[in-house]
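Here the structure comes first, spelled out in structure tokens, and everything after it is commentary.
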Protein chains: 2
Amino acid sequence: MTAPLHEAHPAGSGRALPDTQQGMRRRNLARVMHTVSAEGPLSRAAVASRIGLTRAAVSTLVDELIRSGLLEELGPERPGRVGRPGSALAVSGRGPAGIGAEIGVDHLAVCAVDLRGEIRARAVRHCVNRGRSPEPVLAELTALVRQVVAEADAEGLWPAGLAVAVPGLVARDGRTVVRAPNLDWHDTDLGTLLPAELPPTVDNEANFGGLAELWLGDTTPRDFLHVSAEIGIGAAVVVDGGLLRGTRGFAGELGHVPVRPDGPECACGGRGCLEQYAGEEAVLRAAGLEPGADRVGLLATRAADGDEAVRGALHDAGTALGIALTGAVNLLDPQLVVLGGALSGLAPWLLPALEAELARRTAGPACPVSVSRLGPEGPLLGAAHSVVRAVLDDPAAVAERAGEIVAGRAGDIAAEQA
Amino acid sequence: MTAPLHEAHPAGSGRALPDTQQGMRRRNLARVMHTVSAEGPLSRAAVASRIGLTRAAVSTLVDELIRSGLLEELGPERPGRVGRPGSALAVSGRGPAGIGAEIGVDHLAVCAVDLRGEIRARAVRHCVNRGRSPEPVLAELTALVRQVVAEADAEGLWPAGLAVAVPGLVARDGRTVVRAPNLDWHDTDLGTLLPAELPPTVDNEANFGGLAELWLGDTTPRDFLHVSAEIGIGAAVVVDGGLLRGTRGFAGELGHVPVRPDGPECACGGRGCLEQYAGEEAVLRAAGLEPGADRVGLLATRAADGDEAVRGALHDAGTALGIALTGAVNLLDPQLVVLGGALSGLAPWLLPALEAELARRTAGPACPVSVSRLGPEGPLLGAAHSVVRAVLDDPAAVAERAGEIVAGRAGDIAAEQA
DNA sequence: CTATTTCGTCATGGCGGTTTACAAATTAGT
DNA sequence: ACTAATTTGTAAACCGCCATGACGAAATAG
């Protein structure tokens with residue numbers, strides 16, 4: 001008890017899951033999956049030493065996971081070390097897959113990721129969704145999902161879940177889009193509009209982008225702020241390796257943090273919100289450009305060409321971002337701020353002013369700022385991976401369903417039994 | 001796996017504690033303690049149904065806790081219900097106690113709280129600590145602690161830990177005061193200066209205030225922002241019933257959130273920080289009052305008397321708070337904002353402007369703002385209770401020590417055995 | 001070619017919660 | 001009053017899960 005005083009209390013005073021042997025088993029199955037997934041092919045002995053169980057215990061856990069098709073035995077390792085070589089275990093490349101989808105203002109995208117994290121199928125369709133009503137968009141998305149699922153099936157994968165990234169605020173129920181200004185959707189339950197055969201989850205694209213950064217980024221601290229901008233400006237707040245969602249699920253609305261309290265009016269009712277300075281519309285206006293297609297790319301090329309108006313606009317946007325982020329950093333004390341989404345492409349011209357502002361307003365050493373390697377791919381990957389993580393987090397739950405699925409393929413079963 | 005997708009992952013990919021049967025036992029002991037603590041006297045059967053274990057299992061858990069002196073059997077209940085009445089269990093009023101301490105600018109305070117949450121001993125000393133070096137202050141505090149421990153001992157309590165609330169930034173090690181502007185302390189390891197016989201923990205007073213609100217406040221949401229101001233302005237960020245501490249432990253530095261980016265310079269290097277508008281010094285200056293003793297009380301009485309200068313100053317401070325909180329609310333989406341510490345006394349004159357600002361800048365319904373019932377008592381109570389919570393969180397750890405302690409009292413043991 | 005090291009597995013055991021059964025203590029109904 | 005029904009707490013048998021210790025297997029070191 002000396003060390004972690006007053007943390008999020010583990011037991012919980014209210015109603016919580018009973019801590020029984022079955023739960024223990026499930027958690028240990030999850031620990032094996034996570035360890036193998038994170039640290040590549042590993043022998044049973046190596047897993048055992050990593051998670052603190054005995055080899056014997058790990059053996060039984062691994063047996064169960066192999067029987068469920070979640071783990072694979074690659075065969076004996078060949079290390080130059082003394083002693084009998086272990087048998088390498090790897091996460092299965094067949095079996096459950098995570099289906100990620102993204103609804104953008106001007107495109108739909110779907111991909112399938114296997115447990116190893118590899119993208120095994122994908123489909124993109126460009127279409128103008130702005131202002132279109134949800135039904136046709138979701139119908140189109142559903143068709144794309146079915147197509148990707150079919151592709152994945154051909155490779156021996158079955159969908160373990162569907163996660164959809166949306167450019168807007170999503171309620172904590174993981175289904176309802178409360179407000180998506182760029183699509184002009186309000187209080188829409190996407191759950192009913194998505195393929196019924198898959199358990200769907202909907203979340204903000206900034207959140208999925210942040211999760212992608214957490215799981216796939218090159219530097220992966222467990223506490224950071226992932227800022228992403230498409231038309232609005234959102235942020236994913238990652239605390240201790242988990243997403244901070246807020247009571248209603250609206251956490252991370254960086255775009256409406258006041259930057260200059262008497263600044264221009266904002267659609268949210270406030271004045272001088274960050275979005276008025278660093279939002280896409282505002283930057284385009286300041287740069288003297290018309291709205292249109294691929295405006296971010298245009299900004300980047302103009303800035304690279306030395307267009308002073310564009311550079312000035314991006315400088316000012318960086319300053320505003322720096323001011324807003326100073327507040328966020330003071331409040332959250334993150335290890336890192338990551339610029340993702342459209343911002344990553346404009347980072348070279350945003351960063352100087354942003355970092356200067358942050359440094360100027362910070363007493364000690366300023367919070368480091370980095371640029372996401374994932375760029376605009378983040379949300380889609382994060383969505384797909386969130387399903388994969390859910391499988392790793394509770395392999396036992398999936399194993400049951402895997403059993404049904406595999407049972408369906410009588411031939412395979414018969415072959416295995418022979 | 002349907003429900004909680006991508007939460008803070010339970011298993012952890014890295015090295016984590018092995019999930020063994022002993023751990024299970026410890027967690028279940030904790031669950032019993034929490035349940036009894038939270039829901040008053042309860043029979044074994046009632047506890048069993050609450051935590052989802054069987055009556056038999058709970059019986060053995062309770063036996064162990066009673067043997068350790070953490071739980072007490074009050075005797076048969078007398079409900080008008082059919083069936084054999086249960087035997088009421090309650091948290092013990094003897095045994096381990098939490099010692100809380102507070103280092104203020106002009107006072108020291110210590111109290112002892114038993115497992116039931118009752119204050120059983122306390123001591124306060126008024127003294128000017130501003131600018132005094134840590135050694136004599138801590139020596140004086142140690143004397144107070146010893147006095148309170150002696151008082152508690154006379155009531156059959158032994159100290160399970162010491163938690164110290166400090167007006168400043170504390171590192172995540174829970175010992176080092178990194179910066180306490182109002183005391184003029186820097187990078188001071190209080191651990192070495194506190195009584196060695198007790199495991200000490202040091203934390204920010206805003207954090208302890210927030211925890212007090214979480215555990216003792218009348219409305220107790222699990223996600224809220226607790227704002228407290230003494231001379232600086234700090235906030236405790238409570239997320240899902242736990243404190244958000246940040247990488248370095250500096251989270252919640254609301255005082256240096258930029259409110260007007262071109263405002264007056266601040267000691268932090270920035271400009272227009274909240275502290276420049278709502279900090280004690282700034283408010284006093286705006287109200288035309290000199291710094292002195294109990295300035296907050298003076299502000300309150302003047303405001304109550306209708307002093308326009310004071311009212312105007314508080315109004316402006318409320319506006320600034322509203323602007324800064326708009327940012328925080330957008331970022332965190334808390335269920336509630338609580339004004340604590342010195343702010344609670346000035347709330348009547350701060351709230352109107354604060355709430356107006358918050359409402360104006362929020363699109364939907366604004367985040368509700370409430371005033372802490374605990375007021376300036378918060379940090380001290382939070383500190384003491386944090387020790388109590390640590391005991392509830394891992395009763396097994398304490399039970400061992402309790403054994404030693406009780407073993408020291410040969411007389412009691414002999415009496416019990418007879 | 002033997003000694004050593006490491007891996008995976010098996011048999012045994014301890015520990016923890018569950019199941020089942022039962023006695024105790026109370027209320028409801030006749 | 002007296003019986004039936006209900007609920008509580010405990011004890012005994014049981015099952016599941018991991019630890020322990022021993023063993024054969026498969027590599028390296030000398």
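Letters go in sequence order (proteins before strands), and every chain restarts at 1.
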### Query
Are Leu53(A) and Leu61(A) side-chain neighbours, meaning at least one heavy-atom pair lies under 4.5 Å?
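Answer yes - side chains close enough.
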### Task
Please tell me if the side chains of Met33(A) and Leu115(A) come closer than 4.5 Å, counting only heavy atoms from C-beta onward.
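Yes, at least one pair of side-chain atoms sits under 4.5 Å.
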### Query
Partners of Arg55(A) by salt bridge (charged side-chain N to carboxylate O under 4.0 Å, His left out), sequence neighbours excluded?
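By the salt bridge (charged side-chain N to carboxylate O under 4.0 Å, His left out) rule, Arg55(A) matches no residue at all.
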### Residues, nucleotides or ligands: over 12 heavy atoms within 6.0 Å of Gln22(B) CD
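Count not over threshold, so no.
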### Task
Identify, with sequence neighbours excluded, every residue that meets side chain to side chain donor-acceptor pair (under 3.5 Å) alongside Asp173(A).
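Scan of Asp173(A) (side chain to side chain donor-acceptor pair (under 3.5 Å), adjacent residues dropped) gives Thr176(A).
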### Thr60(A): partners by side chain to side chain donor-acceptor pair (under 3.5 Å), with sequence neighbours left out
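Counting only residues at least two positions away or on another chain, Thr60(A) forms a side chain to side chain donor-acceptor pair (under 3.5 Å) with Arg25(A).
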#### Entry: Spacing of Leu211(A) atom CG and Arg389(A) atom CZ [to the nearest 0.5 Å]
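With rounding to 0.5 Å, CG (Leu211(A)) is 9.0 Å from CZ (Arg389(A)).
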#### Entry: Nearest-0.5 Å distance that lies between atom CG in Leu381(B) and atom OG in Ser386(B)
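Nearest 0.5 Å value for the CG-OG distance: 11.0 Å.
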### Task
Please confirm whether the backbone N or O of Asp19(A) pairs with a side-chain atom of Asn28(B), one donor and one acceptor, at under 3.5 Å?
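Checking the backbone N and O of Asp19(A) against the side chain of Asn28(B), a donor-acceptor pair under 3.5 Å is found.
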### Query
Under the 3.5 angstrom rule, does the side chain of Arg94(B) hit a backbone N or O of Gly156(B) as a donor-acceptor pair?
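No; judged by distance alone, with no hydrogens or angles, the pair does not exist.
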### Per-nucleotide protein contact string for nucleotides 22-30 of chain D (B base, S sugar-phosphate only, - none; heavy atom under 4.0 Å)
--BBBBS--
### Task
May I have the distance from Arg31(A) (atom CZ) to dC17(D) (atom P), rounded to whole angstrom?
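Distance, rounded to whole Å: 16 Å.
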### Query
Which angle, to the nearest 10 degrees, lies between the helix axes at the two ends of the helix from dC1(C)-dG30(D) to dT30(C)-dA1(D), each defined by five pairs?
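Rounded to the nearest 10 degrees, the bend comes out at 0°.
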All N/O contacts under 3.5 Å from nucleotides 14-17 of chain C to the protein, with atom names and distances to one decimal?
unit_1: dG14(C); atom_1: N2; unit_2: Gln21(B); atom_2: NE2; d: 3.2
unit_1: dC15(C); atom_1: O2; unit_2: Gln21(B); atom_2: OE1; d: 3.1
unit_1: dC15(C); atom_1: O2; unit_2: Gln21(B); atom_2: NE2; d: 3.3
unit_1: dG16(C); atom_1: N2; unit_2: Gln21(A); atom_2: NE2; d: 3.1
unit_1: dG17(C); atom_1: OP1; unit_2: Asn28(B); atom_2: ND2; d: 2.9
unit_1: dG17(C); atom_1: OP2; unit_2: Arg25(B); atom_2: NH1; d: 2.5

